[in-house]
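Everything on this sheet refers to the single structure shown next.
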Amino acid sequence: MHAVRNIKLCTKDCLCLYVCPTGATDTETGQIDALKCLDGCRACVDACPSHAISLVPDEYPPQQIKSTAVKNSLLALSESKAKQEAIAEEILKSTENPAIQQLAKAISASNKLMIEDLLREAGYMLPQSQNVKDFIQTLLDTSQPEDFPKEATERLLELLSKNLSMEENKMSNNKTLDNLMAAFTGESEANRRYLAYSRKAKKDGNKNAAKLFKAASDAETIHALKHFEVANKVGTTHDNLLDAIAGETHEYKEMYPEFLEIAETEGNDEAIRTFTYAMKAEEVHARLYKEALENVDDIEEVFYYLCPLCGNIEKVRPDKCALCGLPGDKFIKY
Amino acid sequence: MKKYICNICGFVYDEATGHPDTGIAPGTEWKDVPSDWVCPLCGAPKEDFKEKAVKVATVAPASSVQDDSTDDLRELSNGEVSALFSNLSKGCEKQYLEEAADLFGQLSSYYKSKTMPSEEKYFDDLLALIEADLNSSYLTGNEIAESFADRGSLRALAWGEKVTLMLNSLINRYKLEKDSLTENTNIYVCDICGFVFIGDEAPDICPVCKVPKIKLTKVQRGQQNARS
């Protein structure tokens, strides 16, 4: 959604210039620079004392579906009105009487407006709708007289398609989706890495470095979440629970057993411990996600208790952690 | 005492109160209202009023229209395609999509230039089509749109029917009164619904679609300044 200014209503109080964070409202033409305008910001809309600014969507919902019977009855009328418009034009042409000319012009204009309204309701309301694009495509697909404005028609179709499938275009046939996911992975990793560095700096008494690492770690979370969102990877909660179950199950059934085997061969005891805790905890997580999925519509509040040592999660605060033995009073309640 | 309602804009004439502003004293029966009296809101003549019925409980229509007409829609005439595109051009203007508005405008002009001149060219030819619209097409259209609960279409039909009624009475009045109908006064057309108003000043709002006065455009006398 970007802002547009209705020049007819604008009283040049210029509050929009004061509140716009990007300077998009300050242009010579009086129109707002759509490229600079922030999606859905609406600071200028709310500030404008003459209500001259509104938000225009970049995408529109599909058009209302019209029944063929209704369409046919509207078209019966538009056919008649088109004839009347043509008759009025003939009357206009065939007389020298200015009073008749005036009346004929009014009748012609009136009929034209009625045809427009009838066709609008017959399914051609929104310029970007599929109906309109199909109609234009048909014109291009059928043979047309030589003077048919083919280039203008093709350009029009291109403009309308671009406008409607903006999101699809962004995500198809390009590497941006891959890059968004690569950036998500990198930022997520950096977030954890900086958190670890921050803890180390804190332990060493280097408060400032600890703070910077913590702030940067949070910043990477912001980036990672935004990349993930733009890549359109956040589904419904139902779908997200399914995704989480699949991920945790893969980890405890396949990934960690394999990692453990290698760590045992290599005799890395600390790795064996952290892999084991994680494997057992992921199994618990998978079970909890399954339960949450079954009860996704329940409104009764549930509490979760997290073991800060091994990552186990319980629904009731335990005496001690079933996986690592940490006392239950250390668990963090969610 | 009875009440009479204007078919076009819904203005109600109440015999009990009359309409002193236009010289009709309270208590004047409808039959005694002069025949050249016109609706104070929209200028419709007296014959476009009907007695206001006392509301009776409406019975839901028994018949329902099935949408079994799966045939393709008929091909639109060039005049209709021109209007389809001019309307889409307006749709783009509203979204501030200047280039698309201009391209739709080009297509509209192209189809306008391809419109065949009408072989019929008399007011009576118009009246014949208007009569068919009022006596048949609007009735059928309303019934079908109602059975599909298509509010948008019902709205377009309601506005169009009122505008058509007004055109009907204007053409009939012109046949009787000739040029004196519009002498020393103006004609306005509503940019939104096509309502035609004859009067010195445009009404504050369109009597049919209720848009403010600013959307009512004055039609110049003579051939010049034809509306786009």
Side-chain angles (χ1 to χ4, degrees), chain A residues 4 31 56 64 66-80 82-92 94 97-99 101-103 105-121 124-127 132 135 147-149 152-153 155-156 159-160 163, chain B residues 65 67 69-70 73-74 77 79-80 83-84 86-88 91-92 95-96 99-100 103-104 106-107 110 115 117-118 120-123 125-126 129-130 132-133 137-138 140-141 144-145 148 150 152-153 156 159-160 163 167 174 179 182-183 187 189 191 193-194 196 219-223 226-227:
Chain A
V4 290
Q31 202 37 272
V56 173
Q64 302 285 312
K66 291 285 178 173
S67 80
T68 311
V70 172
K71 279 194 217 171
N72 280 329
S73 64
L74 296 173
L75 292 189
L77 276 162
S78 79
E79 185 177 24
S80 168
K83 282 182 190 159
Q84 292 174 54
E85 186 193 3
I87 293 171
E89 280 170 11
E90 282 309 306
I91 294 174
L92 173 64
S94 58
N97 178 337
Q101 287 171 344
Q102 183 189 24
L103 188 58
K105 277 192 287 183
I107 295 170
S108 163
S110 174
N111 276 292
K112 170 89 177 272
L113 288 158
M114 283 193 281
I115 307 168
E116 288 184 348
D117 197 10
L118 289 161
L119 293 173
R120 175 162 52 211
E121 286 301 333
Y124 300 103
M125 183 180 294
L126 176 69
V132 169
F135 185 82
D147 58 344
F148 178 73
T153 312
R155 172 69 184 145
L156 186 55
L159 282 176
L160 297 175
N163 196 283
Chain B
V65 183
D67 192 12
S69 43
T70 49
L73 297 175
R74 70 167 166 81
S77 68
E80 286 170 286
L84 188 152
S86 60
N87 181 53
L88 292 169
C92 289
Q95 298 179 40
Y96 296 83
E99 189 186 356
L103 293 168
F104 272 125
Q106 284 181 38
L107 277 169
Y110 171 76
T115 309
S118 170
E120 298 166 322
K121 48 186 167 188
Y122 300 106
F123 282 122
D125 299 321
L126 286 174
L129 287 166
I130 287 175
D133 290 350
S137 302
Y138 278 114
T140 325
I144 294 173
F148 284 98
D150 187 333
S153 297
W159 287 3
V163 172
L167 289 178
Y174 182 80
D179 294 357
T182 53
E183 219 164 26
I187 304 185
V189 176
D191 291 344
C193 68
V196 179
V219 183
Q220 302 299 323
R221 276 173 95 86
Q223 193 120 32
R227 293 163 51 89

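Not measured: the values here are computed from a predicted model. Chain letters run A, B, ... following the sequence lines, proteins first, then strands; residues in each count from 1. The figures that follow rest on heavy atoms only: side chains count, while hydrogens, waters and symmetry mates do not.
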Apply side-chain contact (heavy atoms from CB on, under 4.5 Å) to residues B:Phe123 and A:Ile91 and explain how you reach the verdict. CA-CA 8 Å; B:Phe123 282 122; A:Ile91 294 174; 3.8 Å; yes
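- Taking CG of B:Leu129 as the reference point, atom CG of A:Leu77 lies at 11.0 Å (rounded to 0.5 Å).
- Residues A:Ser78 and B:Glu80 have side chains that bring a donor and an acceptor to within less than 3.5 angstrom of each other.
- When each of B:Leu126, B:Val163, B:Asp125, B:Ile130 is checked for heavy-atom pairs under 4.5 Å with chain A, B:Leu126 comes out on top.
- Ranked by heavy-atom pairs under 4.5 Å with chain A, the first of B:Cys92, B:Ala145, B:Ser86, B:Gly141 is B:Ser86.
- Nearest heavy-atom pair across B:Thr182 and A:Ala99 is OG1-CB, 4.0 Å.
- Scanning for side-chain contact (heavy atoms from CB on, under 4.5 Å) contacts around B:Gln106 gives A:Ala152, B:Asp102, B:Leu103, with sequence neighbours left out.
- Looking at B:Tyr174, the atoms closer than 4.5 Å to chain A (heavy atoms on both sides) all sit in the side chain, from C-beta outward.
- Between the A:Gln102 side chain and the B:Val219 main chain, a donor and an acceptor come within less than 3.5 Å of each other.
- Within the 4.5 Å cutoff, side-chain heavy atoms of A:Gln84 are placed close to those of B:Asp133.
- The parts of A:Glu79 that come within reach of chain B are both its backbone and its side chain, each placing non-hydrogen atoms under 4.5 angstrom from that chain.
- With a 4.5 Å cut-off on non-hydrogen atoms, B:Asp150 touches chain A through its side chain but not through its backbone.
- Using a 4.5 Å cut-off between heavy atoms, A:Phe135 touches chain B through its side chain atoms alone.
- Counting heavy atoms from C-beta on, the side chains of A:Leu160 and B:Phe104 come closer than 4.5 Å.
- Between A:Tyr124 and B:Leu88, the shortest heavy-atom contact is O-CD2, 3.5 Å.
- Between A:Glu90 and B:Pro117 the shortest side-chain heavy-atom distance falls below 4.5 Å.
- Proximity of A:Leu119 to B:Asn87: side-chain heavy atoms (C-beta onward) are nowhere separated by under 4.5 Å.
- Rounded to the nearest 0.5 angstrom, B:Asp179 CG and A:Asn97 CG are separated by 4.0 Å.
- Ranked by heavy-atom pairs shorter than 4.5 Å toward chain A, the options B:Ala132, B:Ser137, B:Gly160, B:Ser153 are led by B:Ser153.
- The two residues A:Ala109 and B:Val189 come nearest to each other via the heavy atoms CB-CG1, 4.4 Å.
- Here the closest non-hydrogen pair linking A:Ile87 and B:Tyr122 is CG2-O, 3.8 Å.
- Heavy-atom minimum distance, B:Ile144 versus A:Ser73: CD1-CB, 4.1 Å.
- Both the backbone and the side chain of B:Glu99 come within less than 4.5 Å of a heavy atom in chain A.
- For the set B:Gly79, B:Ser77, B:Ala156, the entry with the most heavy-atom pairs within less than 4.5 Å of chain A is B:Ala156.
- Between chain A and the residues B:Thr140, B:Thr115, B:Leu107, the most heavy-atom pairs under 4.5 angstrom are made by B:Leu107.
- Looking at A:Leu126 and B:Gln95, their side chains come closer than 4.5 Å, going by heavy atoms from C-beta outward.
- Proximity of B:Leu167 to A:Asn111: side-chain heavy atoms (C-beta onward) are separated by under 4.5 Å at one or more points.
- Closest heavy-atom contact between A:Met114 and B:Cys193: CG-O, 3.9 Å.
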